[in-house]
*Asks:* 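Would you mind keeping the following structure in view while I ask a few things?
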Amino acid sequence: MHRLYYLTCLFFLSSCVYYDLEEVPTTPPQQDICGQEVVSWELHILPIIRESCAISGCHNGISRIDLRKYELAKLHASEIKAFTQDRSMPFEGTITQQQINLIACWVDAGAPNN
């Protein structure tokens with residue numbers, strides 16, 4: 001008899017769990033692009049280009065397109081993304097995976113001048 005009483009109490013107590021569905025988010029919070037507020041041309045992309053692309057004989061405007069100029073970089077943004085992702089550029093030196101990801105995020109955001 002005591003077992004039945006305890007099992008009955010246990011059953012009723014376990015069924016009294018209250019879930020407040022209004023407090024449970026239905027969708028995950030929106031993240032900013034690439035985990036940052038903004039991927040900036042001037043703060044993030046231009047320094048990569050100056051350090052790794054616009055070196056002597058490369059994209060400094062002497063023998064190839066000057067990628068230090070925003071208008072030209074935007075015009076060739078998809079190529080910059082593709083060539084850095086397949087690591088065919090830069091020809092000399094290397095860029096980090098984080099830099100490659102920043103370039104991809106900037107291009108995917110429409111290559112803004114911000």
Side-chain angles (χ1 to χ4, degrees):
M1 182 72 173
H2 290 285
R3 277 191 191 176
L4 183 59
Y5 173 76
Y6 288 121
L7 288 174
T8 305
C9 288
L10 184 63
F11 173 75
F12 282 114
L13 289 175
S14 66
S15 65
C16 292
V17 177
Y18 175 75
Y19 296 99
D20 187 359
L21 296 178
E22 290 181 26
E23 291 183 22
V24 177
T26 56
T27 58
Q30 295 293 320
Q31 283 205 348
D32 294 335
I33 186 165
C34 294
Q36 296 184 19
E37 297 233 348
V38 174
V39 177
S40 168
W41 160 253
E42 195 157 332
L43 293 176
H44 300 109
I45 306 306
L46 186 55
I48 297 169
I49 289 176
R50 283 186 178 145
E51 180 183 312
S52 302
C53 308
I55 57 178
S56 179
C58 286
H59 295 287
N60 61 352
I62 294 174
S63 62
R64 294 189 177 99
I65 299 165
D66 189 350
L67 293 180
R68 295 171 298 178
K69 296 182 179 179
Y70 167 75
E71 296 78 16
L72 293 172
K74 180 175 173 98
L75 183 65
H76 296 281
S78 62
E79 295 167 66
I80 295 169
K81 177 183 172 184
F83 292 145
T84 55
Q85 286 187 327
D86 72 10
R87 297 194 180 266
S88 60
M89 289 208 180
F91 288 131
E92 295 181 22
T94 60
I95 59 176
T96 67
Q97 187 61 50
Q98 181 182 11
Q99 291 172 319
I100 292 169
N101 294 345
L102 282 171
I103 290 169
C105 290
W106 175 70
V107 173
D108 292 346
N113 186 7
N114 49 2

*Asks:* Please check if atom CZ in R50 has more than 12 non-hydrogen atoms from other residues, nucleotides or ligands closer than 6.0 Å.
*Replies:* no
*Asks:* With a 3.5 Å distance limit and no angle check, can you tell me whether W106 reaches the backbone of P112 through a side-chain donor-acceptor pair?
*Replies:* yes
*Asks:* CG/N113 to OG/S40 distance, rounded to the nearest 0.5 angstrom?
*Replies:* 8.5 Å
*Asks:* Are I48 and I65 in one and the same hydrophobic cluster, where Ile, Leu, Val, Met, Phe, Trp and Tyr link if side-chain heavy atoms are under 4.5 Å apart?
*Replies:* yes
*Asks:* I would like to know whether I80 and I45 meet side-chain contact (heavy atoms from CB on, under 4.5 Å); could you show each step before the answer?
*Replies:* CA-CA 11 Å; I80 295 169; I45 306 306; over 6 Å; no
*Asks:* Please evaluate residues Y70 and I49 with respect to the criterion side-chain contact (heavy atoms from CB on, under 4.5 Å), reporting the C-alpha separation (whole Å), side-chain torsions for both, the decisive distance (0.1 Å), and the verdict.
*Replies:* CA-CA 11 Å; Y70 167 75; I49 289 176; over 6 Å; no
*Asks:* Roughly how far, to the nearest 0.5 Å, is CD1 of I103 from NZ of K81?
*Replies:* 11.0 Å
*Asks:* Can you hop from W41 to L72 via hydrophobic side chains spaced under 4.5 Å?
*Replies:* yes
*Asks:* Kindly compute the distance separating OG1 (T84) from CD1 (I95), expressed to the nearest 0.5 Å.
*Replies:* 5.0 Å
*Asks:* Using only atom types and a distance under 3.5 Å, with no angle test, would you say the side chain of K74 pairs donor to acceptor with the backbone of G110?
*Replies:* yes
*Asks:* Can you see which heavy atom on C58 is nearest to which on C53, and at what distance?
*Replies:* CB-O, 3.2 Å
*Asks:* What's the spacing between F83 CZ and I100 CD1 if we round to 0.5 Å?
*Replies:* 14.0 Å
*Asks:* Using the side-chain hydrogen bond (donor to acceptor under 3.5 Å, both in side chains) definition, which of the options Q97, Q99, Q98 pairs with N101?
*Replies:* Q97
*Asks:* Rounded to the nearest 0.5 Å, what's the gap from CG on D108 to OG on S78? Could you check?
*Replies:* 10.5 Å
